[in-house]
Each structure stands twice: as C-alpha cells, then as structure tokens.
Amino acid sequence: MNRKNPLPNSNPNSPNSSMQALHFLQALARIARAAPKPAHSARTRQIRHAAYASMAHSSRSSRRTWSRALLHRLRQWQQQRPGRLLTVRRRVRIVTPITSRPEEPARAETLRQLVPGGRGMEYCNLLEETADYVQCLRAQVQLMQTLLDAFSS
Amino acid sequence: MNCGEPSVLPHCFLNLNWDQSIDPNSQLDSALTSIVSSNAPNLLSQSEISSQSHYVGTSGTIGTSNGSLTSPPPELNLSMGGGRSGLMPMLPNLVSMNHLDQFQPDHGFTERAARLSCFDGRNYPGFGTQFDLASIKDKRLEAALLGGGQVTQLLDKAQLGISNVVNGREDSSVSDPVSGSGQIGLAVPSDNGVRKRKAPAKGKGKETQKITEDKGSDTKRCKSVESNGTQEEAIKPKPEPNGSVSTGTAENSNGAKSKGKDTKLPEPPKDYIHVRARRGEATDSHSLAERVRREKISQRMKLLQDLVPGCNKVVGKAVMLDEIINYVQSLQRQVEFLSMKLATVNPQLDFNNLPSLLPKDMQQACAPLLNPSFPLDTSGSALPFSSSQQQGNPLHFVSSSPSPVDPHNTIDPFFNAVPDATSQLGAFWHDDLQNVVQMDMRPNHEEIPVSSQSFSGAMQQAHMKMEL
C-alpha cells in the first residue's frame, strides 16, 4: 500500500470512514440533483451542513456527545431561514460558564466553544470528545479534498 | 562462620556484623542488636530453638496460639541486603523451630521475630533446604522477618502483613499477639515498645481501627522507622474512618505496595479502581481522586498529542491546549473552504458525467457507486448515474438488499465486494477513500497527481493556498 502519511489512528475503523464518505457522497448527490440554486453561498452552506451531518452520522461517532450536539446544531441552522441575517430568538440563552473550574486551563472555555456540545462536559470528557471530533474532522477534510481533486481533474 | 549449635547462638548474635548493614537500617540494626543480646539468654531457654524442622514451611508454626495463619503471602522477599552473614548460621536453628506453638506470645517471641527479620534473604547452602523462603505462608512472619531487614523495601510488605493481620483476621486469639509481634517486627523492637504494643494489641481483630491507630502511634514513637513507616501506617488510620468508596482504593493503597517500593505483592481483585498512593503524596480520598482525574486528563492529552500534528515537540499542557485549539479551528476553516470550493465545482458536477471525469480505471471502481440501483439515496430516488455494470457481484449484492437500507449490512459487504481497482486510483485517493472503495494497489502505478500530496493533514491548508 502506498500510504503517503500513515496518520496515527487514521484508519483503525474503516467502516466508519466509509460510512462517513458514503453519507457525504449521498448528500452531495442530493444537492447536485436538486435544482441548482444560483446562490453560491446557499450551496456552500448546504454542502457544509452535509459535511457536518455525514460526520455526525459516522458509526464511530454516533455514541458521542459531540455528534448529538452537532446534529442538534444542524437542525437549528436548517430551521433558520437562509435569507434572514438576524434570527429572532425568543429565549435569551445566558451562557454562564457553569462548568469552568479553577483548575482548568484558561483556554478550556475556547475549546468548549469549538467542540459541539462542549459546554456541558467536564474537562476530562471534553478532551476525549475533542480527540474524537478531531479525528472525524480530519477524515471529513480529507474526504472533501479527495473529492475536489477527483472532480476538478 | 557456622554456628550450628544452639548454644553458640548468643555468640553468633554478638558476632553479627552489623556494620555491613545498610545505612538506613543501621539504627534498626543497632536496636536489634540490643534486643538480641538482651534476650539471648531468654532465647536459649526456649526449647523450640533446639527443634530443627521447617519453621516456615508450616504456616501454623508461628503459633497455634496465633490460630490459623494460613493466609499465603505471595512471596517472602528476604533480600534484606547488606552483609548479614553473621545471621545466617542462626537461621537454621531459629527457623527450623517447629514447636512454636509451645512458644507463648510474649516479648521473647517478638524478639525472636525481630531477630529473624535481620536475616539475610540469600539462599545459603544448607539453609535453603531447611528454610524454604518461597514456602513461607504466614504474612505475619513475613512482616516480622521483614521488619528488621531493609526497611525501605520491605516495610510495605510488612504493612501488608500487618494490614492483613489487622483487617483480615477474625480469630481473636490469633491477631493480637501476632499483630503485636508483627508490629514489633516492623518497628524497632525495644523492650518498652514491645510491652507497650502488646497492651493495645489485646483488642480483637475487629477493632482494627483501634489497633491500626495504636500501631500508627506506636510506630511513630519508634525512632528508626520514621520515614517510611509513619507514612505507610498513617495511611491506614486515615482511610479507615472514611466511609467512602475511596476506602477501597485507600485500602488497596495500604495493602498494596507504594509506588516506589519493590515488592511483588499481587493486587487483590476488587471492584474499585485501584489507586496507589505514591510515596510522598497525600493519601486522603480527595487527593486520590484528584490524582486519578489528573492521570485521566494526562492520558487524554497524550492521545490528543498523537492526533494533532506538531504537538510532539511541545511540552506542557497550556501550550498543547493552544495547539489543539488552533488545529480544531483550522480544520473547521478547511471544511468551510472546501465546501465553498465544492459548491463551485458542484454545478459542473453531473454524476452522469462522472465517468468522464474520472479516469477510465477509476470508473471500474466507481461503477458500483454509480449504479443507479444501488440504494445510495435512502430517500428512495435513484441516482442519475450511468449504469456501467461491469461488476456483477456488487450489483447482485445491491439489488438483493431491501430498499430501507440497513447501512451496515449492505454497505460493508458491498464495499468488500468491490473488485480490484487500479493502483492509480488507490494512490490517488487517500486512505479513507481507499477503504471506501477497497482498492487494490498494483505495483506499477502511474504517477500520482500532485494534489494527492495534500492529504497530509498539516499541509492541507497550505496546499489549498498554493492552489489558489
């Protein structure tokens, strides 16, 4: 096998990445089949959502907190009307760092904002979720890159 | 020097070369010598000394008054170091006592136990036959034996013995005198200390807490066993009052060795998470839990370190956390960017034209993907793929699958059934997609396009910028 960069933990579970790829291709096909919207941004948004959805649906991550939070977030995004710049929220969510502890590093809050669902987790679990999220993200990026190259060559 | 007769015993005792002992034990040794010399006549008066049989082999010999001492210690590590050659000759005499049951649990026994503790663990000729170290079954004897030896190494084992004595013993008659003796074997046996400990040790095995506390206080009074003993023994009184789950862990930390020690005790299987109090660390339940948490966190940081490229050089949690955050942000930005690019590409992308886009070899691999009958779309609508049915098997798989697709059942055999694709495609697609299409590499593959080099995780963004 000619592996360019054998990444650690990159392929311990190939069915997961294949699941991910399959979902993404599927979603892409659906998007392509749909009436081509002229708005480039809308299509971008759709593809981005498709990417995150396929990430969340991969079997490796189905049990993870971040995948559930990501799906929830996706639903929120999709429910928003794309034309609106501002969304009127009935509830004002007070983001209080209830989970921050004194012994956590200062950047833990940033990490919580990055990783979906990170706000409700302890620091220890946050790290674990981050690892899984990074794995899935990287797989997704590689997948998209490959598709791009395939389609553009 | 080979004093084979009991009558020579005091001589042997007095001839001990205590100078060869290890420095930390020198204090102990000097105390032991004092005891030994003081009790030599008492010892001689004991008839058990004359009896020559396996002292250690029979676990019950420690004293029937001590009841059943059948708990098998895992190993008696009598590697007490130092040159205690002088003790060796006594060992067969003392060790081979088999009538210890006649021996009343008084301070004489304790002194003898203390003396035994000074013995070198080396297997001397003629000694090994009589004294099977490995067959020592009694932990208390072990404790007694170990107490005089290398305190640093064997103290925890003695602790184990004592803890077993204190915690595990149900027979009242057994525990107290032996625990007293064990304590004495542990700490510096002075006459006063012996008698002091005997009094509190009169309690039952049930009163473990009291005993441990007394023992702890007693050992604290003793001079020699300070550094290790007090810490080790102080562990016991503390966790026992704690009724929390951490008692399991604390108990284990008491029963098991501390990290710096070099004993070979097996860990008793328990339901709790095994936590070991390291040497020099606080041992209350809170700090133990904290330590467990910190270890978990460091474990996960190591995992992240492997995932995030470029983190190997960095040492320190703060900087690594920054790196991780940067990496996650960069990955998310890449996803956005790639989706934008895909959006521009996508209108041009017609899956009908996909075969023309891909090289001819890749079409063979993608043919199953392109098959319209394959239920890629769970919504049920067939994809407008060109049906280039070059593979019969996957299609057969596909068509036989029910339309409400169970992804795992259909996809996995599907992907496994994908026939050999070209090496070109295999080199082209990254590992993930390789697994997707299950391509097989041929040795003579064509030149890999430059874009495939972008698959390295860290280079992707740079590569995309270069593409622009």
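Any value given below was found using the heavy atoms of this structure, including those in side chains, with hydrogens, waters and symmetry copies removed. Worth saying up front: this structure is predicted, and the values here are computed from it rather than measured. Each chain gets a letter, A, B and so on, in the order its sequence line appears, and its residues count up from 1.
Only the side chain of B/Leu321 comes within contact range of chain A, judged by heavy atoms closer than 4.5 Å. Proximity to chain B (any heavy atom under 4.5 Å) is restricted, for A/Ala51, to the side chain, taken from C-beta onward.
Taking CD of A/Glu128 as the start and CD1 of B/Ile297 as the end, the distance is 11.5 Å to the nearest 0.5 Å. To the nearest 0.5 Å, atoms CG (A/Leu114) and CD1 (B/Ile324) are separated by 11.5 Å. Atom-to-atom distance recorded for A/Asn125:CG and B/Lys296:NZ is 6.5 Å, nearest 0.5 angstrom. Distance check, rounded to the nearest 0.5 Å: CG of B/Leu342 to CE of A/Met144 gives 5.0 Å.
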request  = List the steps, then state whether side chain to side chain contact (heavy atoms under 4.5 Å, CB included) holds for A/Thr44 with B/Glu336.
outcome  = CA-CA 8 Å; A/Thr44 306; B/Glu336 292 245 7; 5.6 Å; no
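A/Tyr133 is listed as a side-chain neighbour of B/Gln332, based on a closest heavy-atom distance under 4.5 Å. Using a 4.5 Å cut-off on side-chain heavy atoms (C-beta onward), A/Leu137 and B/Tyr327 make no contact. Two residues are said to be in side-chain contact when any heavy atoms from C-beta on lie closer than 4.5 Å; A/Leu126 and B/Arg300 fail this criterion.
Here the closest non-hydrogen pair linking B/Leu331 and A/Val134 is CD1-O, 4.0 Å. The heavy-atom pair separating B/Ile325 from A/Arg107 by the smallest distance is CD1-O, 3.3 Å. Considering all non-hydrogen atoms of both residues, A/Ile47 and B/Ser339 come closest at CG2-CB, 3.5 Å. Scanning all heavy atoms of the two residues, the minimum distance from A/Ala131 to B/Leu303 falls at CB-CD2, 4.2 Å.
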